[in-house]
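What follows is a set of notes on a single structure, which appears directly below.
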Amino acid sequence: MLQRVQTLYLLGAIVCLMLAFVFPFFQMESSVSGFDIIQNIRAGNDPVLAGVLGVGILLSIITLFLFKNRNLQVKLLWLVNLLILAFYGLASAFYFFTFSPFVLENVKIGVVFPIITFILNLLAIRFIKKDEALIKSLNRIR
């Protein structure tokens, strides 16, 4: 299992999704009654964002152990990529609808980790399909 390249990509994707919980995405700043309020927005602050990332992590871990069923592995990875896109949509909606009086101060490093996960999942899908093609060609030779 660990000798396959796609397993390393999947492990990297799982680590990146877990890091997305830890690091903040945005830093908001607002001035209320003369006081400046600075707030870091993390995925763990909102239960919907945390749920989407949690399901993505769970599906990625399940996918890691489904190395014998490559077709299901590919389908689950596409589902995780869809969850990542939904996460970005929900995060932007969370920003625009919740923090309208706030000003986006800057974007933090947490925004990058789901993008890296998306890319690593695409690479894993590519190598899973290569493995499937190799096995089909070996079955034809027999």
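Keep in mind that the numbers below use all heavy atoms, side chains included, and drop hydrogens, waters and symmetry copies.
Contact between V80 and S60 at its shortest, heavy atoms only, is CG1-OG, 3.7 Å. Counting all heavy atoms, side chain and backbone alike, L66 lies closest to Q73 at O-CD, 3.7 Å.
Between R70 and D131, none of the side-chain N atoms (NZ, or NE/NH1/NH2) sits under 4.0 Å from a carboxylate O, so this pair counts as no salt bridge.
Note on I135 and F67: separate hydrophobic clusters, where clusters join Ile, Leu, Val, Met, Phe, Trp and Tyr whose side-chain heavy atoms are under 4.5 Å apart, directly or indirectly. Both L72 and L77 belong to a common hydrophobic cluster when Ile, Leu, Val, Met, Phe, Trp and Tyr are linked at side-chain heavy-atom distances under 4.5 angstrom.
Under the 3.5 Å distance criterion, the side-chain polar atoms of Y88 are matched with a main-chain donor or acceptor of V111. The backbone N or O of V22 sits less than 3.5 Å from a side-chain atom of R42, completing a donor-acceptor pair.
Counting only heavy atoms from C-beta outward, the side chains of L120 and L10 never approach each other to under 4.5 Å. Annotation: side chain of V15 is not in contact with side chain of F113 (no heavy-atom distance under 4.5 Å). W78 is listed as a side-chain neighbour of I125, based on a closest heavy-atom distance under 4.5 Å.
The only member of I62, N69, I61 that meets side-chain contact (heavy atoms from CB on, under 4.5 Å) when paired with F65 is I61.
Under the 6.0 Å cut-off for aromatic ring centres, F87 and F25 qualify, their centroids lying closer than that.
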